[in-house]
Structures are given as structure tokens and as C-alpha cells.
Amino acid sequence: MKSPWKQRWARLRARLRPPRTLRVTRIGRTYLVVTFGVGLGALNTGNNLLYLLLGLLLSMVVVSGVLSERCIRDLSVRRVGTDAAFAGEPFAFRWAVSRKQGQAFALVLAEADSPLTGVGGVGYLPSGVEHIVRADLVAPRRGPVRLTGVQVTTTWPLGLFAKTRVLPLEGLLLVYPKRGYACMDPGDAERGPVGDAGNPRRNDGSGDVTGLRELAEGEDARRIHWLKSASMGKLLRVEREREERRTWMLSIEPGLEGEALERRCEEVAALAHRLLEEGHEVGLHTAEERLRAGTGAAQERRILRALAWLGFERPGDEEAAA
């Protein structure tokens, strides 16, 4: 639930960001200290060998800057995304990176200016090949996450500096509620058999055994009870009660905010997953929308999307969420 002021500040910060950022690594700090010491020794003693060594050390810094710049230039990044992202647990996220000419080395990719944590890397990227980079990212909370760009970092060739470039790439990642368990019962079903009693007139299912009868012509032989058939001297068919689906309409009470809303979303997601796994129909009713009852993995995905958007403003391009 990011405020508009924070969103404007994030866009302004992205525009004011320099095209390249440079960070000195631990090895680089040691290298610079040694270079500074050699420089002081050369100035105090006037030793030509120290001047030569100082020039060599400084030239390596220049070479490192030039090669690292060539490494992160001309890169193209495409966001592949993820199948599903749940809050608080790692999920596989992928980018496709390529370059038309030249090679790149030791690239580390991450989402810039986002709450997502985790990076992915590629050691060698040849020209003309699109390489899929995979990373295990973690989102701290449910809801939509605005993605503004992909951050590419390299420490090649000497590991003295980490040069970073951000490639602008707009996107949206929808994070589902945290997977957990539900402490409460889903309540009574809206439709279905009452209690544990089934319909004795529907004996063509795979539920409890209701009796035996002689196998009729053309019926499935897999239903034969071979032990009883051998003792009776005729083929007997097992009749099982047909299991009927029940329907639950889960709901999110209006007025919930903060941690109470988060916890309720997690409980409803866990209940929906359990009921759908058992083959029942599940729907969802919130203050913003009402989903009709359905079954299967597609219905669970619809419920998770509705829970992820609950409390957030939906854009027009909602379907573009990764």
C-alpha cells in the first residue's frame, strides 16, 4: 500500500540516478591502500622503481574501469518473471540477457529499487545468445510490486570495483499471501450433502462401499469383487457411493487493515487450498469483488490473485502482472 508521494519519490530518484555507479570491493580497498602507500613512498624517497610501481598500479585501475564498462555496455535484458510468488518464501525469478557484439563476464542481475531480495548471475555471456538467468527472490509482503528496472553489476576483470548499470524496464509482480495454515474451520457448506451422509441412490462413485450386486453385461470389469464372486460362483460388482462436491463461499470481512488483514488473507488462502485439494467448490467474497465458486488449480489462482490485490488500487494493465 505505497502512498502516491512515495511512488513519485521513487520515480524522481530513478530519473536522478547516475548512468553508472561504482562501489569499491574489499579487495579493492586493500589495493587502493597499497597504491596510496606506494605513492607516499615514491614522493618521500624519489625512488624511480617506486614511481614505476605506482604507475603500474594506477594503470591497472584504469584498465579495470575500461574493461568493466565494455562488459556492461550493449546489454539487453528481458524480464521472464515467475510462475507464482508467495510472500516470505523464495520463488524462482528469471531474466533473459543478451548482447549483440562482444562478450560479458561475471554479471549479477537484480531488481532495482524494489523490496525484492536476491540476485542471479551469469559467468560468461557470448554475443548473439540469449541467456536465461535464474534467481531465488524473496518478497516481504503480499500485494503488487512495481518493477522499474533491472540492475546489472560486474566486478570483472580484477574484482577491485563493482560497476552497476540499471536498465529501465517497467513491470509488475503480484505477490500472493504467505502460505501457512488456517486455525479456524471453514464453516458450513452452502451446497452439498448434509453432514457425512451421502446419497444412497447414487452408487456409481468412488466413495464408501454401499453393497454388492451381480455384474451386468457391458459394465466395467474393474468393479468386480473377485473374492466374493469366487465364493458365490458368479460375478459380483462393488457399488460405491458417489462423492458429491460441497460448495464454500469464503469471505474477507470489510474494515480489516494492517496485520489483521494480512492474517485473514493467509487463512483464507490456506482454507481455499485445502478445500480445493479435497475436490470441493470454493468461491470468495470481499468488499471489492465476488468470485463464483469453482474447482481446480485455476480457481485457486483466481482466489490468490483476488487476495493479493485486496487493499491495493488495481491498474488497467492488471493482467500484465508477472
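Position 1 is the first residue of the sequence, and the numbers go up from there.
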More than 12 heavy atoms of other residues, nucleotides or ligands under 6.0 Å from [atom1] of [X]: is that the case?
| X | atom1 | answer |
| --- | --- | --- |
| Lys163 | NZ | yes |
| Arg70 | CZ | no |
| Arg20 | CZ | yes |
| Tyr124 | OH | yes |
| Leu58 | CG | yes |

Drop me the distance from [X]'s [atom1] to [Y]'s [atom2], to the nearest 0.5 angstrom.
| X | Y | atom1 | atom2 | result |
| --- | --- | --- | --- | --- |
| Asp74 | Lys100 | CG | NZ | 9.0 Å |
| Ile72 | Arg99 | CD1 | CZ | 9.5 Å |
| Leu116 | Leu173 | CG | CG | 6.0 Å |
| Arg179 | His273 | CZ | NE2 | 8.0 Å |
| Arg264 | Ser251 | CZ | OG | 5.5 Å |
| Leu67 | Leu158 | CG | CG | 8.0 Å |

Would you check if [X] and [Y] make a side-chain contact, meaning some heavy-atom pair closer than 4.5 Å?
| X | Y | answer |
| --- | --- | --- |
| Leu174 | Trp309 | yes |
| Phe91 | Val138 | no |
| Arg165 | Leu75 | yes |
| Cys71 | Leu107 | yes |
| Leu307 | Arg142 | no |
| Ser64 | Phe161 | yes |
| Leu160 | Leu32 | no |

Measure across [X] and [Y] and return the closest heavy-atom pair with its distance rounded to 0.1 Å.
| X | Y | answer |
| --- | --- | --- |
| Glu289 | Leu291 | OE1-CD2, 4.0 Å |
| Pro157 | Ser68 | CD-N, 4.5 Å |
| Ala269 | Leu304 | CB-CD2, 3.9 Å |
| Ala306 | Leu284 | CB-CD2, 3.8 Å |
| Ser229 | Leu236 | OG-N, 2.8 Å |
| Pro115 | Val145 | CD-CG1, 3.8 Å |

In this structure, would [X] and [Y] fall into the same cluster of hydrophobic residues linked by side-chain contacts under 4.5 Å?
| X | Y | value |
| --- | --- | --- |
| Val97 | Val166 | no |
| Val119 | Leu167 | no |
| Leu125 | Leu109 | yes |
| Val63 | Val24 | no |
| Val108 | Val150 | no |

Legend entry - Stepwise side chain to side chain contact (heavy atoms under 4.5 Å, CB included) test for Leu227 and His225: CA-CA 6 Å; Leu227 185 60; His225 194 297; 3.7 Å; yes
Whether [X] side chain and [Y] backbone form a donor-acceptor pair below 3.5 Å:
| X | Y | result |
| --- | --- | --- |
| Thr155 | Ala162 | no |
| Gln151 | Thr164 | no |
| Thr25 | Gly159 | yes |
| Gln299 | Arg292 | yes |
| Tyr31 | Leu57 | yes |

Inset, instruction - Show the numbers, then the answer: is there a side chain to side chain contact (heavy atoms under 4.5 Å, CB included) between Glu262 and Lys178? - result: CA-CA 9 Å; Glu262 298 296 323; Lys178 185 183 299 183; over 6 Å; no
Assess whether a salt bridge exists between [X] and [Y], defined as any Lys/Arg side-chain N lying under 4.0 Å from an Asp/Glu carboxylate O.
| X | Y | result |
| --- | --- | --- |
| Glu277 | Arg274 | no |
| Arg79 | Glu111 | yes |
| Arg141 | Glu259 | yes |

Inset, instruction - Check step by step if side chain to side chain contact (heavy atoms under 4.5 Å, CB included) holds for Arg94 and Asp83. - result: CA-CA 10 Å; Arg94 292 171 289 275; Asp83 296 331; 3.9 Å; yes
Legend entry - Distance-only side-chain donor-acceptor flag, Glu281 / Thr247, under 3.5 Å: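 Side-chain D/A pair, Glu281 to Thr247: present.
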Legend entry - Result of checking Asn47, Leu43, Thr35 against Leu54 for side-chain contact (heavy atoms from CB on, under 4.5 Å):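 Passing option: Thr35.
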Inset, instruction - Could you label the plane-to-plane angle of the Phe105 and Trp156 rings as parallel, tilted or perpendicular, counting under 30° as parallel and over 60° as perpendicular? - result: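 Answer is parallel, since the angle falls under 30°.
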Inset, instruction - Take Trp95 and Arg134 through the test side chain to side chain contact (heavy atoms under 4.5 Å, CB included) and record every step on the way to the result. - result: CA-CA 7 Å; Trp95 302 274; Arg134 181 186 182 280; over 6 Å; no
